[in-house]
Amino acid sequence: MKLRLSENNNYAEYYQSEPFTSLTKVLEENNQNGFLVGGLVRDLLLDRPCKDIDIVVEGSGLRLAEELANELDCSKVSYFKNFGTAHFVYKDLDVEFVGARKESYQRNSRNPVVEEGSIEDDQKRRDFTINALAISMNQKDFGDLVDPFNGIEDLKNGILRTPLDPDTTYSDDPLRMMRAARFASQLNFEIEKESFESITRNAERIDIISQERITEELNKIMLSPKPSKGFLILFKTGILHRIFPELTDLHGVDERNGVRHKDNFFHTLQVLDQLAEKSEKLFLRWAALLHDIAKPPTKRFDPKVGWTFHGHEDKGARMVPGIFKRLRLPMDAKMKYVQKLVALHLRPIALTKEEATDSGIRRLIVEAGDDLDDLMLLCESDITSKNKEKVKRYLSRFKSLRERVDEVAERDEIRNWQPPIDGKEIISTFKMKPSKEVGVIKDAIKNAILDGVIENSYEAAYDFMLEKAKELGIEKEE
């Protein structure tokens, strides 16, 4: 298909700027053909921002990358000779070169046998028709859209379709199945029927993909405008069962004595979507995805009260490190943050169901610490029901709780609070070694302040420390 984008007012200014003008010049000087491909072309046509410029060159892209970098005064070029690629940064753009190639795969590996090829060969190996679009950067046909698979129509119609037979495309590189779910979620596109069926048939092929690559795609789905779309595709095709069984275990509804519980899988996805409308924080979204992860192992039926999930917040918090480790997510403060939010996610909701005391609110503020606002967002997103009036009522209560939290935090100066006396001072005061008794005294001081038994001051805490120590038979040495 020939579409002269360089003559279209929407794109002319873009292509008449750097680095594109210098690219055309260097291509002409080297008697090579070069094309913009992939995400840049797709996002340009969708009017989406894109900072990644992928250039496919017929012949070697390494030398061309060096010459263009010199033309643009870019001093540092990274070469990856084993892959035939080169990369440099120009202003805020990531510019990558690769030689046009054709690929063949063996069944037990996603690493292809690569040969030099033409732009047509390169387009055939692309995952989807919308990513197989190319724009010529050559003087002779500058701005022409090269579209052998009619990807422009799929782009207009919001369709994800593979350039070649989908069984070949997905079996060759199973990560493309995850990418299908990701693009559907990011772009709000639909996967074409034959392609969807092929993903279902080839779901087990995902097992050969490294966990790091799978998690990279999961994170991109998590950061999409409506993450549930990607997760539902993975669920319906059977991929999610293989890569995240704890999540699929949430699916299903049991009934006993005519009493049913909600489907916690669909509830979780709704919570995730509602949170995604409020925050773009990746690990806050992970907390939403994992907040009810322990409901299956804690599910019980009580004839008097119905279905219960007692302790699922504590068990869920204990499950977080194992899930993070298996998914190759960071085992650092980000994991601790998610673990904390999972552990605390019932606290604010519980405070809306009763007359919240200042003591209860102070405890919430102290335990949540710097993550209080994120915890409140998570809990607000956890309000789901088909009954709109019920949701409205719960949100109203939650708004009132937020106001109380702000009031108590300001009045008691309790936000990011630490007790005025720590373990080191207790040890120093009583000339004692670290022991269980030190922890008992420290906790007693904290609880006395939070419960309003004593003032939040050093003097009151010190006097209370002496009293508590005396109860334990510990005297201060003079």
Side-chain angles (χ1 to χ4, degrees), residues 38-39 52 83 103 105-112 125-128 131 160 162 166-187 189 191 195-251 265 268-269 272-273 276 280-291 293 316 319-332 334-335 338-339 342:
D52 297 324
F83 299 97
E103 299 175 342
Y105 290 80
Q106 295 180 345
R107 174 102 187 140
N108 62 347
S109 173
R110 70 173 295 267
N111 297 318
R125 72 178 184 82
R126 299 279 162 174
D127 49 8
F128 305 107
N131 293 333
L160 288 168
T162 58
D167 282 339
T168 300
T169 297
Y170 294 130
S171 182
D172 280 353
D173 184 355
L175 188 66
R176 290 166 175 163
M177 300 187 292
M178 295 283 298
R179 286 167 61 83
R182 186 246 292 187
F183 284 126
S185 199
Q186 287 180 329
L187 304 176
F189 276 29
I191 299 175
S195 196
F196 192 94
E197 292 172 351
S198 177
I199 295 174
T200 305
R201 283 194 300 272
N202 288 282
E204 66 178 21
R205 293 280 292 150
I206 201 66
D207 296 347
I208 72 169
I209 301 298
S210 72
Q211 186 59 60
E212 289 80 3
R213 299 298 299 277
I214 289 172
T215 297
E216 183 181 353
E217 293 300 324
L218 281 177
N219 280 337
K220 289 177 180 178
I221 291 172
M222 291 286 281
L223 289 171
S224 64
K226 192 174 182 180
S228 66
K229 182 154 191 168
F231 280 105
L232 283 172
I233 290 169
L234 296 177
F235 177 75
K236 291 175 182 177
T237 56
I239 291 178
L240 195 63
H241 299 72
R242 307 186 75 86
I243 65 174
F244 206 155
E246 298 94 338
L247 192 57
T248 57
D249 285 347
L250 290 168
H251 179 251
F265 176 73
T268 293
L269 294 186
L272 178 59
D273 281 349
E280 294 182 354
K281 290 184 179 179
L282 174 60
F283 288 96
L284 178 53
R285 294 188 183 195
W286 270 104
L289 192 69
L290 299 180
H291 80 287
I293 202 68
M319 288 173 67
V320 167
I323 292 171
F324 266 53
K325 185 175 182 180
R326 194 187 76 249
L327 296 182
R328 303 288 196 274
L329 287 163
M331 299 295 291
D332 54 14
K334 296 181 180 69
M335 184 275 288
V338 173
Q339 192 175 33
V342 171

Engineer: To the nearest 0.5 Å, tell me how far L290 CG sits from L247 CG.
Structural biologist: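 These two atoms lie 8.0 Å from each other.
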Engineer: Suppose we screen for side chain to side chain contact (heavy atoms under 4.5 Å, CB included). Which residues come up paired with K226, at least two apart in sequence or across chains?
Structural biologist: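 Side chain to side chain contact (heavy atoms under 4.5 Å, CB included) check on K226 returns S228, D273.
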Engineer: Quick one: list whatever passes side chain to side chain contact (heavy atoms under 4.5 Å, CB included) with S195, sequence neighbours left out.
Structural biologist: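 By the side chain to side chain contact (heavy atoms under 4.5 Å, CB included) rule, S195 matches T162, P166, Y170, I191, E192.
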Engineer: If you compare all heavy atoms of P225 against all heavy atoms of A276, which two are closest, and at what distance to 0.1 Å?
Structural biologist: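 So the two residues come closest at O-CB, 4.0 Å.
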Engineer: Would you call I221 and I233 a side-chain contact if the rule is heavy atoms closer than 4.5 Å?
Structural biologist: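 No, side chains not in contact.
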Engineer: Of all the heavy-atom pairs spanning I239 and A203, show the shortest one and how long it is.
Structural biologist: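 Heavy atoms only, the tightest pair is CG1-CB, 3.9 Å.
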Engineer: Nearest 0.5 Å, what's the CD-CZ distance between E217 and F183?
Structural biologist: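 It comes to 7.5 Å.
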Engineer: May I have the step-by-step check of side-chain contact (heavy atoms from CB on, under 4.5 Å) for I206 and M177, ending in yes or no?
Structural biologist: CA-CA 8 Å; I206 201 66; M177 300 187 292; 4.2 Å; yes
Engineer: Quick one: are V320 and I293 in side-chain contact, heavy atoms under 4.5 Å?
Structural biologist: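 The answer is no; the side chains never approach within 4.5 Å.
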Engineer: Measure the shortest side-chain to side-chain distance between P321 and M331 over non-hydrogen atoms and say whether it is less than 4.5 angstrom.
Structural biologist: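 In contact.
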Engineer: Mind checking the CG-CG spacing from L218 to L282? Nearest 0.5 Å is all I need.
Structural biologist: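 It comes to 10.5 Å.
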Engineer: Hey, does F231 have a side-chain heavy atom less than 4.5 Å from the side chain of T268?
Structural biologist: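 No - every pair of side-chain heavy atoms lies 4.5 Å or more apart.
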Engineer: With a 4.5 Å heavy-atom cut-off, do I209 and D173 have their side chains touching?
Structural biologist: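 Side chain of I209 against side chain of D173, heavy atoms only: contact under 4.5 Å found.
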Engineer: For the side chain of S171 and the backbone of T168, is there at least one donor-acceptor N/O pair under 3.5 Å apart?
Structural biologist: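 Answer holds: no.
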Engineer: List the residues meeting side chain to side chain contact (heavy atoms under 4.5 Å, CB included) with L327, not counting sequence neighbours, and say none if there are none.
Structural biologist: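 Expected list: Q211, T215, F244, W286, I323, L329.
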Engineer: Please identify each residue that fulfils salt bridge (charged side-chain N to carboxylate O under 4.0 Å, His left out) with E280, with sequence neighbours left out.
Structural biologist: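 Residues passing salt bridge (charged side-chain N to carboxylate O under 4.0 Å, His left out) with E280: none at all.
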Engineer: Would you mind reporting whether M222 and L272 have side-chain heavy atoms less than 4.5 Å apart?
Structural biologist: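 When only atoms from C-beta onward are counted, M222 and L272 do touch, with a gap below 4.5 Å.
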Engineer: Show your working on salt bridge (Lys or Arg N to Asp or Glu O under 4.0 Å) between E216 and K220 and close with a plain yes or no.
Structural biologist: CA-CA 6 Å; E216 183 181 353; K220 289 177 180 178; 3.6 Å; yes
Engineer: I want to check something: taking the side chain as every heavy atom from C-beta on, are F128 and T169 in contact at a cut-off of under 4.5 Å?
Structural biologist: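 No, too far: nothing below the 4.5 Å cut-off.
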Engineer: If you take all heavy atoms of D167 and S198, which pair is closest and at what distance?
Structural biologist: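 Looks like OD1-OG, 2.6 Å.
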Engineer: Work out which heavy atom in I214 is nearest to a heavy atom in M178; give both atom names and the distance.
Structural biologist: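 Minimum heavy-atom separation between I214 and M178: O-CE, 3.5 Å.
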Engineer: Taking only residues two or more places apart in sequence or in another chain, which ones pass side chain to side chain contact (heavy atoms under 4.5 Å, CB included) with P330?
Structural biologist: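 Partners of P330 under the side chain to side chain contact (heavy atoms under 4.5 Å, CB included) test: F283, D332, K334.
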Engineer: Side-chain contact test, heavy atoms from C-beta onward, threshold under 4.5 Å: evaluate it for R285 versus P227 and give yes or no.
Structural biologist: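 R285 reaches P227 side chain to side chain.
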Engineer: With sequence neighbours excluded, what pairs up with F235 under the ring pair (Phe, Tyr, Trp, His ring centres under 6.0 Å) test?
Structural biologist: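 Applying ring pair (Phe, Tyr, Trp, His ring centres under 6.0 Å) to F235 gives H241, H251, F265.
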Engineer: Do side-chain atoms of R179 reach the backbone of D127 as a donor and acceptor pair under 3.5 angstrom?
Structural biologist: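 Not confirmed, R179 side chain does not pair with D127 backbone.
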